Amino acid sequence: MDPIGIFGGTFDPIHYGHLRTAFELLEMLSLTEMRFLPNGDPPHRDGAIADAQHRLGMVGAAIAGQPGFVLDDREVYRAGPSYSVDTLSDMRAEFPARSLCLMVGMDAFLGLPRWYQWQQVLQLAHVVVAHRPGWQAPDAGALGELLRERGTDKIDDLHHARAGSIYVHAVTQLEISSTALRDLICSGGDPRFLIPDPVRAYITEHNCYPVEKSGCK
Ligand code: ATP
């Protein structure tokens with residue numbers, strides 16, 4: 001079913017933590033592609049600092065030439081908040097026969113019951129939970145029950161059904177965050193070796209995180 005990985009985020013800016021996770025999941029789960037979806041108007045956090053066009057530009061610069069990595073701009077061009085369920089409905093309509101695999105971190109997964117229309121998510125897609133080595137998945141409460149019902153350790157399940165399973169997978173953790181990067185750049189620091197060189201060049205060229213801009217956090 002040519003599974004599509006869906007990696008959403010603010011990507012303000014994209015960094016090697018995002019890219020390494022996406023790459024490991026693409027390879028380990030034998031996904032056909034990994035789509036990066038910068039969000040437009042994030043519902044769960046304060047507004048992004050760099051505007052959506054620049055966040056798209058930075059992701060494009062980061063993934064250029066990497067087989068299997070695809071930039072998907074649908075959330076940026078949709079009006080209103082970027083809810084996962086709306087994005088997944090849209091993708092389901094575009095790719096009716098393909099497996100959709102929504103990538104989430106363990107933190108996001110723990111908050112799943114607070115997502116807008118979260119029960120529909122598993123009707124539209126599989127959920128792949130990326131966690132740091134050694135982390136335990138919940139075994140109690142609503143999420144523990146959900147994992148007992150929907151959890152799988154078989155990659156094949158992501159290839160043989162379009163939606164409905166939860167797959168939990170450890171990935172290498174790089175302690176890089178966009179927040180720390182913005183702070184670094186806004187205070188005049190150099191993000192070299194934390195982000196790809198083309199992203200660094202893009203930030204410099206477009207002055208995405210000006211040193212003088214207040215509230216750069
Ligand atoms: P911020 O610091 O602005 O909150 P962030 O670095 O967490 O940003 P996002 O764009 O919000 O970046 O993250 C997109 C996705 O990437 C989320 O699912 C998040 O859990 C994951 N992610 C963020 N940082 C890392 C990292 N260092 N390693 C692996 N995954 C990451």
Side-chain angles (χ1 to χ4, degrees), residues 4-29 31 34-63 69-76 81-85 87-88 100-112 114-116 118 121 125-135 137 166-187 189 191 193-196 199-200 202-203 208-209 213 215-217:
I4 301 173
I6 301 166
F7 197 97
T10 310
F11 303 124
D12 187 23
I14 190 166
H15 54 66
Y16 280 129
H18 301 130
L19 291 161
R20 181 67 206 176
T21 295
F23 181 69
E24 288 186 10
L25 291 171
L26 176 76
E27 299 260 293
M28 289 171 182
L29 306 181
L31 304 177
M34 181 67 84
R35 288 187 168 242
F36 290 78
L37 284 82
N39 48 33
D41 175 13
H44 298 305
R45 46 182 278 168
D46 298 334
I49 302 291
D51 71 32
Q53 287 309 321
H54 285 321
R55 291 185 291 108
L56 278 173
M58 289 188 278
V59 175
I63 69 175
F69 279 8
V70 175
L71 175 60
D72 187 320
D73 61 10
R74 77 187 64 223
E75 290 198 349
V76 164
S82 304
Y83 289 117
S84 297
V85 70
T87 300
L88 293 174
L100 300 178
C101 301
L102 178 69
M103 308 292 144
V104 300
M106 184 60 84
D107 288 1
F109 180 65
L110 294 176
L112 183 68
R114 290 189 296 280
W115 291 15
Y116 179 64
W118 70 274
V121 168
H126 302 293
V127 172
V128 173
V129 186
H131 66 100
R132 64 185 64 240
W135 263 53
I166 302 174
Y167 185 88
V168 180
H169 197 84
V171 292
T172 305
Q173 291 290 316
L174 302 174
E175 293 297 333
I176 306 171
S177 82
S178 298
T179 304
L181 276 165
R182 292 195 300 274
D183 285 349
L184 177 73
I185 301 166
C186 283
S187 57
F193 305 128
L194 296 171
I195 59 178
V199 178
R200 180 170 168 268
Y202 186 102
I203 291 170
C208 295
Y209 306 105
K213 188 165 182 172
C216 189
K217 290 218 179 313

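Count residues from 1 along the sequence. Since we're looking at a predicted model, the values are computed, not measured. Counting starts at 1 for both ligands and their atoms, following the listed order.
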Student: Tyr16 and His18: aromatic ring centres closer than 6.0 Å?
Tutor: no
Student: Could you tell me if any non-hydrogen atom of Tyr16 lies under 4.0 Å from any atom of ligand 1?
Tutor: no
Student: Please identify which atoms of ligand 1 are closer than 4.0 Å to at least one heavy atom of Thr10.
Tutor: 9 (P), 10 (O)
Student: Short list, please: which atoms of ligand 1 are under 4.0 Å from a heavy atom of Gly8?
Tutor: 14 (C), 15 (C)
Student: Do Val171 and His131 have side-chain heavy atoms sitting under 4.5 Å apart?
Tutor: no
Student: When you measure from the heavy atoms of Arg182 to every atom of ligand 1, does any distance fall below 4.0 Å?
Tutor: yes
Student: Using a 4.0 Å cutoff against the non-hydrogen atoms of Thr179, which atoms of ligand 1 qualify?
Tutor: 1 (P), 2 (O), 3 (O), 4 (O)
Student: Does some side-chain heavy atom of Arg55 sit less than 4.5 Å from a side-chain heavy atom of Ile14?
Tutor: no
Student: In this structure, does ligand 1 have an atom that sits under 4.0 Å from one of the heavy atoms of Ile176?
Tutor: yes
Student: First locate atom CE of Met58, then atom CG of Leu71, and finally report the distance between them rounded to the nearest 0.5 Å.
Tutor: 12.0 Å
Student: With the threshold set at under 4.0 angstrom, would you say His15 reaches ligand 1 through any of its heavy atoms?
Tutor: yes
Student: Angle between ring planes, His54 versus Tyr202, binned at 30° and 60°: parallel, tilted or perpendicular?
Tutor: perpendicular
Student: Do Val104 and Leu102 touch side chain to side chain, with heavy atoms closer than 4.5 Å?
Tutor: yes
Student: Please determine if Leu174 has a nitrogen or oxygen closer than 3.5 Å to a nitrogen or oxygen of ligand 1.
Tutor: yes
Student: Under 4.0 Å from a heavy atom of Thr21: give me the atoms of ligand 1 that qualify, with their elements.
Tutor: 28 (N), 29 (C), 30 (N)
Student: I'd like to check which ligand 1 atoms, numbered from 1 as shown, lie under 4.0 Å from a non-hydrogen atom of Phe11.
Tutor: 10 (O)
Student: With a cut-off of 4.0 Å, which atoms of ligand 1 are near a heavy atom of Gly9?
Tutor: 10 (O), 14 (C)
Student: Within the structure provided, determine whether Tyr167 and Leu29 are in side-chain contact (heavy-atom separation under 4.5 Å).
Tutor: yes
Student: Please lay out, stage by stage, how Leu19 and Phe69 fare under the test side chain to side chain contact (heavy atoms under 4.5 Å, CB included).
Tutor: CA-CA 10 Å; Leu19 291 161; Phe69 279 8; 4.0 Å; yes
Student: I want to confirm something. Looking only at heavy atoms, which of Ala130, Gly17, Ser178 is nearest to atom 5 (P) of ligand 1?
Tutor: Ser178
